Structures are given as structure tokens and as C-alpha cells.
Number of protein chains: 2
Amino acid sequence: MAVTISDVARHAGVSIATVSRIVNNLPGYSPETKDKVEASIVELGYKPNAMARGLVNRKTNTIGVLLPCVTGRFSSELLRGIEKIAHAKGYSVIICNTDMNGERTMSYLKTLSEKRVEGILFISEWLTDEYAVFLESLQIPVVLVATSNPASPFPSVKVDDFAAAYSATRYLIDHGHTRIGLISGTEKDPIAGRPRIEGFKRAMKDADLRCDQACIAFGDFHFESGIAAMAELDSRGLELSAVCAASDEMALGAMTYMHRMGRKLPEDLSIIGFDDTLDALMAYPALTTLHQPIELMGERAMDMLCSGTADDRQIILEHHITERDSVKDLR
Amino acid sequence: MAVTISDVARHAGVSIATVSRIVNNLPGYSPETKDKVEASIVELGYKPNAMARGLVNRKTNTIGVLLPCVTGRFSSELLRGIEKIAHAKGYSVIICNTDMNGERTMSYLKTLSEKRVEGILFISEWLTDEYAVFLESLQIPVVLVATSNPASPFPSVKVDDFAAAYSATRYLIDHGHTRIGLISGTEKDPIAGRPRIEGFKRAMKDADLRCDQACIAFGDFHFESGIAAMAELDSRGLELSAVCAASDEMALGAMTYMHRMGRKLPEDLSIIGFDDTLDALMAYPALTTLHQPIELMGERAMDMLCSGTADDRQIILEHHITERDSVKDLR
DNA sequence: TTGAAAGCGCTAACAG
DNA sequence: CTGTTAGCGCTTTCAA
């Protein structure tokens, strides 16, 4: 990649300014020079150096995405939406797998800032003060996806987790279930954790149903933890007829536990998931779950990132229940 | 991000050269100046501009990853491995979701070349001549992952697809199955398609079993196509006792078809998958599948990318069968 | 329609 | 130990 703009200029017998104009589709040259220069470009295989360009126009056409775990349907589907819009608008996306690790995250943030990314998408993770302070200092658009932090100045795109959990629980109740357990995400998580727990509890209370701590088991949103949480719930002898899970993966974990115990689904236990990733569709029985418009969430977030940092709106996307075969109707 | 090296220099009352030395940990300054400068850096919130740096040292510390579909466990798990090593070695990774689209791919390739990425990982897709020519012109390390092209000069990391398919089929045969179908990927795919078909056929022939075209249905490696392919196979009245799928997702599709038809697994049909992603573990019954060391593949590829373009070795990683519950032993 | 020249922010000799 | 200076490859006035 040694060929530079001056190589082209020399080869075509013009100045670098002219080559630049032609490359950038600016006016100011005769058709003949244009042809001549374009021929040289092809012949030499000239590729403008984005760094040099970026240095002068202060543009990198690159954004950064921080996510807790690249492996996982939720992240993947989100990434798909992000990538789609990013490419359409001419941006490249740098992915940063934080592994939920603070140091790692800060290290990425540092890199992204040095690389002068033009925006950052912060996904599915709680925005700590440390992150917030750093991000603010960057003076670039940031949008929180599937998370939010009212104390920060950043806009966000997510569903209403409380309402969503309420509605998932309500769905179970409406189908005649009264003894319902919750497989929650991490309790400390202020976004995908607590609000979903509260939504569950509220729905249960509104229906005068039991929902003390005994009905709740905690996981980390992933499969294995779903198995463990279901085992835990099962060991408490609550005679549950249904379980609400805070993620599809944990719901599948619960199913796996039941299968292993030789129980029938949904006859012996109804399960509702959360997310509606491909996992839900592939499960057996196919998982009834709370649908989040994941890919759309990624698209909207990317749109916001591009449309400038101005609007600090908290966008709430619609959710709904996708009915499949994992909930038995007791009515 | 307006603060530059000269702001720091001015603030600290030294020259930019000194600041540069300190920032880059080069020798040549007294402890006092160092402290002074570092204080200024913190106070002003100076972040070295990676573009400016890159322009002079011709380094971007960035690599590009081209993959057909970010959504999908295989890609995700690979990405995890790639990202892990990349971060450890100080590289950022730009993801490019080609969607198996030629134009889109070329457009990404162009962008990556202008951004002067230092290496490219080309994943799971057939390397066409067009791509190969372009990639060669870039003069940077390229490694093919889960694909390969002997006609190209690029090294690759993958499993032996023929041998793997042979061994998956053989596993079924060893468990007493004689009427076995294949849910193949796209026939034209010279890597994940044909070799797996050939491996299947060879295993069947070696055992004197029927394996004509009627035993094979084609999908596109994804879930829905697995359902369709299984339906197709089923409609041919072959009395199959087992099916070999060229991806876990298609295997799950086949399972879903069977469940929908009210058949029992693995009693009515044994199924073996390919990949051993988390999907296989979460399936019901848990899927016995041909294990590819996916994350490791990503790590190795990234290692090769960094260790220079010198070795054009075709690395073949070990595969094995992960036994779970989807294959019935007929012996 | 064209070119010369001044930077963009930084590194790397080369002098002191 | 420290500063000056010449680029890295490109865009963008400003003149011609």
C-alpha cells in the first residue's frame, strides 16, 4: 500500500490538489484531466489513506460498540441491527467485548478515544460513574442500548423492563397460573435485574398471588445458571405451575432441568422467556416469550448515534408476547 | 478532544518532542520534567491521536473480520476467540457482516484497505477470485477461517470437513444405523458443503450403505432450512433411522420438524449435528454433535495473523464427537 | 481549470 | 536532558 496521492499526481502529470479534487468529487478540473487521473489511480492501484484524511477532516467514520458478551443471541442480533445501519451510513464498527470487566472496559474506552471514534454504543451493562465520567469527557455521541442511566446525560434505547416483566407474568396469570416462580437475572443489575423482578412482583401482588423471596431464584442470564436456578426453585417444594425467566437462555436452562428430571413441558410446568431470540424459536417446546425488538433496537440506537448527540431522549420500544408452546392454559 | 500534544507541551513548558518521549516511554528526560508533563497530561485530559500516530508509524493496530452472518452461534463463538487474542495483543477489530453478498463484501474490503487495517480474517465463506485478487493486492496478512482455498496464497485454520463428516456418519453407523439421511449445507459451498457431503457418502459406501441423492436434502446451514430439509427427507419415505446434519442449527430444525410431527427423539430418529455450539447443548434432546474447537479456531487465526504473513500453512484443528442424547444405540 | 503551500497531530532524526 | 525540524498522506485555502 505504498502508493500515495503524490504518486498518482506524478504519474498523471498533475498536482496532488487536482487528484484530491477528483477523488473527492469536488469541482475544478477538465474532463480530460479527470480521465487521465482516474486511469492513473486504477493503474497504480491507489487507495486513499483514511488516516491521513481523518487527520485533516477530523473524521474517522468509525464507531465503537461495547458489549458484555459477544457470544449470545441477544448481542448478536443487536449487532446485526447496528452493523446494518452503520454500513449504510458509511461507518465501520469496532467491537469491544468487555466480559463485564471494569478494567477491560476502561482499556477499551481508552483505545476508542485515542482512535477518535465518532460515537459509542454502550450495551446491556450498567453504566458506572467511572464509565460515565470518561464517556462524557470524550465529547462524542453515546447511546445506551438495552440499559439506561437517568443520572447520566446519555440517551438510551430499550424496552420498559418493568412493564415487560409485568406483562410476561400477567400472561401466566391470565392463563390460570397462580403458583409462579421467577428466574431472575442478577439482582444488582439495575436494568435487566431489578425492574424485571419488580414487574414480576407487582403483577403477582396485583393478582393477590404469593411472590416472596422463596419464589425467586437468581441466575446470570445464561443457560447454565438457568438450570441451576430451576433446580433451586424446584428444591423449595413450592408446587409451581409456571416460571417466568428473565432471559430466553435461562428459560431454556429451566427446560433442560425439567427434561432431565423427566417432567413434561408444558404439562408439568409452564415457562415464559424474555427476549425472543432465535433460541426461543428453536427450543422444545417452542418458547413463549416476551418479545423485544432486538435488531430494531440496534438500528434505532445507531440512527440516534448518527443524528447527533443533541437529543437525550430515553426511547422506549414496544414489547409484546410471542405465543408459542411452552405455556399451558389452565383456564 | 481538542487537546493536542502541543497544548500539553505549552502547558508543561517543554517541547512537543519531550512530551512525545514521555508518552511513548522513550528515554531522554529528567524525572522532574516527566512529572510535570504527566501532570499536564492529566490536567488537560490529553489523549494521543491514534490517526496522527498511525500516519507516521504506519500502524493502525486494527484488523478486519469479514463474516457472512454475525447472528449465529458459530460466528459469535469464533468472534469471541478472535477478540480475546486481538485485545491481548493490542488490536482493535472491525467487524464486517457480508451477508454473503459480493458487492457488500467488496465494499467492506475497500473500506478496510483505506483504513489500513493490518490484517484480515476471512470467515466461513468461499474465497472467490475477485476477493483473492483484491486481498493479495493489499499486501497484508490474511487468514482464512473455517474455509480455505488452495489456489490462494493465504493460510487457513479449519477442521478437516471431509474427515469430520465421515466420522459423524461413522458414529451413526457404529451405533447400528443403516438408513441414514444427510441434511447438507449448500451444495456449491466447496468447504462446508461438498466435503461434508463427500465425507458422508464415503462413510456410507465404506459400510455398503445406501447414499444416493435421495438420501440427501439441502439447506443453508440455518434453522428454518433444517426444518424444510427434514420435511423433504421425510416425504421421500426412506424409513430413515438417523440423520446427519451439516450444522447444529439445521439439526435443531430437523428436531423441530420431528417434534411437530409428534415423533419421538431419539426413538423415532437419531440426529447428529455439526459444530457443537451452545445450541447443541441447549437442544432437547441434547444434541450429539461433531465438535469443532470454534473459539480456539478464532484464537489460532488471530495468532497467525499477528505472527506475520510468512507461513502459508493450512492448519487443521482436531475435531471429535461430543456425545449427548440425540442418537439412539441400535446395537 | 490548476498548482503551491499551509497545516492536521504526531514521531524521529539531528543538533545542542 | 531537551528542542528544532522534517515529514507521514491528505484537504483546503489562496493565487494564478
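Letters A, B, ... mirror the listed sequences (proteins, then strands); counts begin at 1. These numbers come from a predicted model, not from an experiment.
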Atom NZ of B:K84: over 12 foreign heavy atoms under 6.0 Å: no

Flag if over 12 foreign heavy atoms under 6.0 Å of CG, B:D129: no

In whole Å, what is the span from the [atom1] atom of [X] to the [atom2] atom of [N]?
X     : N      : atom1 : atom2 : result
A:K36 : C:dT1  : NZ    : P     : 14 Å
B:I5  : C:dA12 : CD1   : P     : 11 Å
B:R10 : D:dT4  : CZ    : P     : 13 Å
B:I16 : C:dC14 : CD1   : P     : 17 Å
A:R21 : D:dT13 : CZ    : P     : 11 Å
A:E32 : C:dT2  : CD    : P     : 8 Å
B:N57 : C:dC10 : CG    : P     : 12 Å
A:K59 : C:dC8  : NZ    : P     : 20 Å

Sub-6.0 Å ring centroid separation between B:Y108 and A:H87: yes

Picking from [options], which would you name as closest to the side chain of [X]?
X     : options               : result
A:A17 : C:dA4, D:dT4, C:dT1   : C:dA4
B:S20 : D:dT11, D:dT2, C:dT11 : C:dT11
A:Y29 : C:dT2, C:dG7, C:dG3   : C:dT2

Electrostatic pair B:D303:B:K89 at N-O distance under 4.0 angstrom: yes

Side-chain N or O of [X] closer than 4.0 Å to phosphate OP1/OP2 of [N]:
X     : N      : value
B:T4  : C:dG9  : no
B:N24 : C:dT11 : yes
A:S30 : C:dT1  : no
A:T18 : C:dT1  : no
B:R58 : D:dG9  : yes

Sugar-phosphate, base or nothing in reach of B:V23, heavy atoms under 4.0 Å: nothing

Sugar-phosphate, base or nothing in reach of A:P48, heavy atoms under 4.0 Å: sugar-phosphate

Earlier contact from the 5' end, DNA chain D, for B:A52 and A:R53: B:A52

Ring-face cation contact, A:F134 with B:K47, 6.0 Å cut, 45° max: yes

